[in-house]
Amino acid sequence: MAYRSRVGVAGYVFADLREVLAKASPARSGDYLAGLGAGSYEERMAARMVLADLPLRTFLNEALIPYETDEVTRLIVDRHDRAAFPPVSHFTVGEFRNWLLLDTTDSAALAALAPGLTPEMVAAVSKLMRNQDLILAARKCRVVTRFRNTIGLPGHLAVRLQPNHPTDDLKGIAASTLDGLFYGAGDAVVGINPAGDSLATMHRLWQMLDDLRLRFDIPMQSCVLTHVTTQIKAIEQGAPVDLVFQSIAGTEAANASFGVTLALLREAREAALSLGRGTLGDHVMYFETGQGSALSAGAHHGVDQQTCEARAYAVAREFRPLLTNTVVGFIGPEYLYDGKQIIRAGLEDHFCGKLLGVPMGCDVCYTNHAEADQDDMDTLMTLLANAGLSFIMGIPGADDIMLNYQSTSFHDALYLRELLGLKRAPEFEAWLARMGIADAQGRLRPIGDTHRLLRELPT
Amino acid sequence: MSEPPGPIEPIDPSRPGTLVQDDPWQALRRHTAARIALGRVGASLPTAEVLRFGLAHAQARDAVLRPLDADALQGELEGDGWRVLRAHSAAPGRHEYLLRPDLGRRLREADRARLGAEPAAAELALVVADGLSSSAVQQHVRPLLAEFRGRFDTDWARTPLVLVEQGRVAIGDDIGAALGARLAVVLIGERPGLSSPASLGVYLTFAPRPGRSDGERNCISNVRPEGLAYPEAAHKLAHLCRAALRRQLTGVDLKDDSDLLALPD
């Protein structure tokens, strides 16, 4: 069905819902690479005005990607909870934005609504929201998850410790892990991206992190970020796997390019649950996403990259993850060109994920061929921390020497804690105090060269 | 039981030498190039590290944005005895190159016709592309090729070297096809990291033609003195070239087992 706008001299016609959404999106290079972006500033506003007047129900009646050919669409439709939808079912997208921003729309109302929302509704309303709206509305969403500690409590921010090494050298990875623990990082997960694909090496990585955890009684979880099939195999071989990781996207074809289906993700979750390693909860999955992944796989079906990304969160929430991480600037300038586009995308992703009930963190990051620098990362991490972000990355000096990109550092997390009074996962914070790494307020203490971690670990 | 802190040098703001809270695990740096044990001032990075990081990022940015001095490199390569042809991708400049990867993967129309009129390649087409680091190309192409020539046997007089501006890896398909090469060898500047602003990648594609996928290539990455040094890289490259020509393929089915062979001194 075509949508018309009377804005401008000649007015605008949008062929279908996908085109309305794509042209209403704030400008970003990936939508232009796909040939979907608005042709003018006026056309973008015309699309937003059309979008604002659409009933939210439209997204239940008109699939962007056909139900018959895409299992993510089937998941979205089949899992939509009609009983949760009534508080907003009579709204247009524009009215939905107004409602989200009301003082009276509180955390409990948003949590109850989440199963009644589809990713398309959430993506649509985000396109009408300014950055401050995305921050304020997201801050009201609370998504609390547990494995060996508690992530997502109000006033808290966790850190994924990312101790990568270009040759998966155990001592190199241990050195960065220790550095992070001394800086009070690692409560979200200690997650290694292996450089190679040797299962034997990965076994050693899992074992090393588990030995460290047990020896010092650290309330943390670990993860080796390899393909789910490799992790299932490792579980079968007896590896101490805490969280199962997978990159996911918002269309069946894009997931196929990652070598996954919903059935495979279900199997992976069952395998992780079978180990019963969580002490406080059974959130065993760790997902990563990012705008542009569907287009880069040629699997976007004419849907704009931000809407595709929101659909990935429908995949994520189906599997009750401990953590979901939008790796916002990693994909490169052909999808998000500069600091402005990366910042906007990070705020959109966090808002959309949280509104859908997903425990969102963000890899606030960029590559060296993007028009961005550490100042842009400072801006985005400060905004996201105010928005109630669940976790950020902690990488020594923000420089990942294996993946060759820049993210956020252990120091960056300290900055956010100092600025905004944000706490670590309570169980982890208590461990830091027991170990003399942080004081009762969570502020780092000076570490002496006889500290137990230095004494007992080979250096 | 709380862990008592060990002996610690107190911070005394009146003494500039003690403003930074140093980390007593600096010995761990021998295990990794990661930026560990940086110390801190309050919650923040010490000035020296802010500057060190800023310089590394500046060098990486310059490597991406500084145009390759193709005229100078052509002269040097010809001095080394190579038959150098010039070409340009369909991306007119760096801005378009970064925004439109598809343009960097194919030749400008005029250049495709021009290369097609050149004498056919005997076996290999060597392609040197700026990619995302002109510094890498400027620094590493000549020494790597010199090592390679000594380790691989072919009709060098009929081996063209195409110097291409604003090129991505897949442009080797277009060039190799235009020159009728059996094997395209693309030497290209890799995306710079902070610790590696100038790192060269080498990609091999058997029977190059437009539409080849990345799964049909073999790659040797991180070529630079601090990474994979020239003799080792040239050894791997010569080994892969021989294997590709013998088995008539490149890609996932062609394993790099050059490590199993002794590296000649």
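Below, chains carry the letters A, B, ... as their sequence lines are ordered, and counting in each starts from 1. All figures in this text were calculated on a predicted structure; none of them were measured in a lab.
With values rounded to the nearest 0.5 angstrom, A:D169 atom CG is found 8.0 Å from B:H31 atom NE2. To the nearest 0.5 Å, atom NZ of residue A:K171 and atom CG of residue B:L28 are 10.5 Å apart. Interatomic distance, CH2 of B:W25 versus CG of A:L453, reported as 9.5 Å (0.5 Å rounding). For the atom pair B:Q21 CD and A:I447 CD1, the distance stands at 8.5 Å (nearest 0.5 Å). Residue A:N368 holds its CG atom at 7.0 Å from CZ of B:R61, rounded to the nearest 0.5 Å. To the nearest 0.5 Å, atoms CG (B:D102) and CG (A:L33) are separated by 6.5 Å.
Taking both residues in full, the closest heavy atoms of A:L403 and B:R191 are given as O-NH2, 3.1 Å, listed atom of the first, atom of the second, then distance. Considering every non-hydrogen atom in both A:I401 and B:A34, the closest pair reads CD1-N, 3.4 Å. Contact between A:P333 and B:L99 at its shortest, heavy atoms only, is O-CD2, 3.7 Å.
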Could you give the side-chain donor-acceptor pairs of residues 42-54 of chain B under 3.5 Å, partners two or more places apart or in another chain?
| unit_1 | atom_1 | unit_2 | atom_2 | d |
| --- | --- | --- | --- | --- |
| B:E49 | OE1 | B:R52 | NE | 2.8 |
| B:E49 | OE1 | B:R52 | NH2 | 3.1 |
| B:E49 | OE2 | B:R35 | NH1 | 3.2 |

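When the candidates A:R443, A:M402, A:R417, A:H165 are compared by the number of heavy-atom contacts under 4.5 Å with chain B, A:H165 comes out ahead. For the set B:V64, B:L65, B:N222, the count of heavy-atom pairs under 4.5 angstrom toward chain A peaks at B:V64. When each of B:L194, B:D23, B:L38, B:L132 is scored by its heavy-atom pairs under 4.5 Å with chain A, the top score falls to B:L194. Contact tally against chain B (heavy-atom pairs below 4.5 Å) for A:Y183, A:Y335, A:Y32: the top residue is A:Y183. When A:S29, A:G332, A:G172 are compared by the number of non-hydrogen pairs under 4.5 Å with chain B, A:G172 comes out ahead. Top candidate by heavy-atom pairs under 4.5 Å with chain B, chosen from A:E418, A:H411, A:Q406, is A:H411.
With a 4.5 angstrom heavy-atom cutoff, B:S196 touches chain A only via side-chain atoms. Interface residue B:I36: backbone and side-chain heavy atoms are both found under 4.5 Å from chain A. Contact of A:D412 with chain B is not made at all, since no heavy-atom distance falls under 4.5 Å. Contact annotation for A:A440: neither backbone nor side-chain heavy atoms come within less than 4.5 Å of a heavy atom of chain B. For A:A174, no part sits under 4.5 Å from any heavy atom of chain B, backbone or side chain.
Residues B:H57 and A:Q374 form no side-chain contact, since every pair of their non-hydrogen atoms from C-beta on lies 4.5 Å or further apart.
Within a 6.0 Å radius of NZ in A:K340, no more than 12 heavy atoms belonging to other residues, nucleotides or ligands are found. Other residues, nucleotides and ligands contribute only 12 or fewer heavy atoms inside 6.0 Å of the CG atom of A:D197.
Checking A:P163, A:S176, A:P166 one by one against B:T32, the side-chain contact (heavy atoms from CB on, under 4.5 Å) holds for a single residue, A:S176.
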